[in-house]
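Take a look at the structure set out below.
Atoms within a ligand are numbered from 1 in the order they appear, just like the ligands themselves. By convention here, the first residue in the shown sequence is residue 1.
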Amino acid sequence: MEQKNHGSHVIVLPYPSQGHINPLLQFAKHLASKGVKATLATTHYTVKTHGIYGAPFFTNSASVCSIFCRVHHGVVRLPMKEEELPLMMRGMPPMNLVDLPSFVQAPESNPAYLAMQLTQYSNLDKADWVFGNSFEELEGQVVKNVWELWPGKLIGPMIPSAYLDQRIEDDKGYGASLWKPLSSECAKWLETKSSQSVIYVSFGSMVSLTEEQMEEMAWGLKGSNLDFIWVVRESEITKLPSEFIDLTTSGKGLIVTWCNQLEMLAHEAIGCFVTHCGWNSTLEGLGLGVPMVGVPKWADQLTNAKFIEEIWGVGVRAKGDEKGIVRREELMGRLKEVMGGERSVEIRKNACKWKELAKEAISEGGSSDKSIDEFVEHLKCGNEK
Ligand code: UDP
């Protein structure tokens with residue numbers, strides 16, 4: 001972070017959900033570490049309704065990566081009241097209150113539109129580039145326009161530096177958690193467990209399992225007889241069978257409403273990651289070399305699960321029945337396979353290989369690092385003209 005700023009400014013404007021904030025924020029940190037002023041833009045609504053845990057990161061490094069989170073007063077002023085803002089600028093409403101397709105397909109949710117609003121109406125420093133993301137189908141036109149200016153470059157995995165190349169100082173987490181992570185509870189509990197013995201289970205920030213699926217997961221975990229940490233968001237807790245919650249007091253399992261997932265995956269006690277195969281979780285499992293059991297539910301999760309099992313060979317996919325429910329026997333079978341079955345040796349070997357490849361990609365001279373350097377050079381040239 002010692003790099004001298006060379007006058008370029010990039011704004012990153014993620015769709016305001018955890019899985020979209022994390023990689024763009026990480027990208028902003030890479031730019032900041034190479035002397036570009038990078039600003040993460042999110043909305044007052046997002047901060048007001050969730051809070052952003054880990055925000056000291058921003059205040060400490062305000063000169064290289066600052067946050068503005070007030071849309072209608074403070075750093076950025078748009079000439080509208082909050083209720084007049086497009087839905088996306090207000091932030092992600094709770095999943096049970098939103099009709100997701102109409103939310104993401106509204107023309108005003110388009111990053112290009114939002115970027116235009118930001119740069120046109122805000123008093124932010126002029127931005128050389130604004131990076132926005134939403135859901136793929138909204139981005140076709142934007143990608144087409146940008147491609148003419150700048151052919152696409154591949155970057156990633158965008159995982160905090162401490163877990164891979166260690167080149168960005170103190171970069172131990174994404175630094176913008178929408179829920180409070182229960183890190184010390186998890187660490188204390190894991191201290192008592194032996195190496196690679198615990199299953200870490202998480203369905204990310206959006207997937208909401210049916211009660212029937214929760215029940216099958218719960219009894220599948222119990223039936224495996226393995227220790228587990230399961231992230232069950234507060235809004236989902238009531239779906240757990242009460243006898244199962246009682247069981248967690250026996251020390252076999254820990255249920256937390258949110259945690260620092262990277263800390264979990266990097267912990268030596270974790271032996272397997274049961275994941276919904278969101279793209280960030282998939283890359284985190286891959287980048288940290290943790291064997292996975294995929295329980296995908298929708299969107300890219302199904303493709304990612306296929307990659308985990310068939311292309312990278314770093315895990316297996318749990319299959320649903322005719323109702324799409326992964327039954328307890330299926331989960332137990334898959335856990336057994338990854339934790340000690342014949343296939344587990346090969347899976348662990350592949351997981352180590354991919355961990356090394358991820359590190360290589362973002363280390364100095366790696367494919368991701370080169371792409372970011374090319375972009376930074378392009379910014380510098382633009383500012384020298
Ligand atoms: N995550 C976390 N703590 C948790 C669960 C998830 O920090 O308890 C993070 C995880 O590290 C990942 C993001 O939330 O970066 C979830 O993104 P993903 O693309 O996997 O899934 P989504 O939430 O978008 O479905």
Side-chain angles (χ1 to χ4, degrees), residues 14-29 40 42 46 50-55 57 91-92 94-95 98 100 103-104 133-136 156-164 171-187 189-190 198-209 217 228-237 253-267 270 273-288 290 292-305 307-308 315 358:
Y15 183 83
S17 71
Q18 193 71 69
H20 290 247
I21 291 173
N22 287 355
L24 267 189
L25 172 55
Q26 200 55 34
F27 175 55
K29 287 191 227 164
L40 171 82
T42 190
T46 305
H50 291 281
I52 289 216
Y53 297 92
F57 167 80
M92 181 73 185
M95 286 302 280
V98 69
L100 194 62
F103 176 66
V104 295
N133 79 322
S134 57
F135 279 81
E136 193 200 340
M158 287 292 118
I159 293 173
S161 203
Y163 302 97
L164 291 173
D171 186 25
K172 297 189 186 111
Y174 291 107
S177 190
L178 296 183
W179 293 274
K180 188 168 187 265
L182 301 169
S183 297
S184 51
E185 284 87 335
C186 294
W189 189 85
L190 283 173
V198 178
I199 315 288
Y200 167 71
V201 189
S202 164
F203 285 84
S205 62
M206 287 168 132
V207 163
S208 172
L209 299 180
M217 289 297 302
F228 63 89
I229 290 193
W230 186 359
V231 179
V232 182
R233 298 191 312 275
E234 210 154 326
S235 55
E236 306 287 292
I237 288 272
L254 179 69
I255 292 177
V256 288
T257 47
W258 196 250
C259 68
N260 181 331
Q261 180 158 299
L262 292 162
E263 278 173 12
M264 293 301 98
L265 296 176
H267 199 288
I270 299 295
F273 178 17
V274 175
T275 171
H276 71 308
C277 306
W279 185 234
N280 294 286
S281 296
T282 302
L283 286 182
E284 290 161 11
L286 198 68
L288 274 70
V290 184
M292 292 178 261
V293 171
V295 184
K297 289 293 163 193
W298 35 266
D300 62 327
Q301 297 158 15
L302 301 147
T303 316
N304 302 339
F307 269 76
I308 288 172

Side-chain contact test, heavy atoms from C-beta onward, threshold under 4.5 Å: evaluate it for Val290 versus Ile270 and give yes or no. yes
Near ligand 1, which protein residues have a heavy atom under 4.0 Å away? Gln18, Gly19, Asn22, Tyr174, Tyr200, Ser202, Gly204, Ser205, Met206, Val231, Trp258, Cys259, Gln261, His276, Gly278, Trp279, Asn280, Ser281, Glu284
Closest heavy-atom pair, Glu284 versus Gln261, reported as atoms and distance to 0.1 Å, is OE1-NE2, 2.9 Å
Side chain to side chain donor-acceptor pair (under 3.5 Å) between Ser177 and Trp258: does it pass, once the steps are laid out? CA-CA 9 Å; Ser177 190; Trp258 196 250; 3.0 Å; yes
Are Trp298 and Val207 side-chain neighbours, meaning at least one heavy-atom pair lies under 4.5 Å? yes
Is there a side-chain contact between Tyr174 and Ile159, using heavy atoms and a 4.5 Å cut-off? yes
Please tell me if the side chains of Thr282 and Gln301 come closer than 4.5 Å, counting only heavy atoms from C-beta onward. no
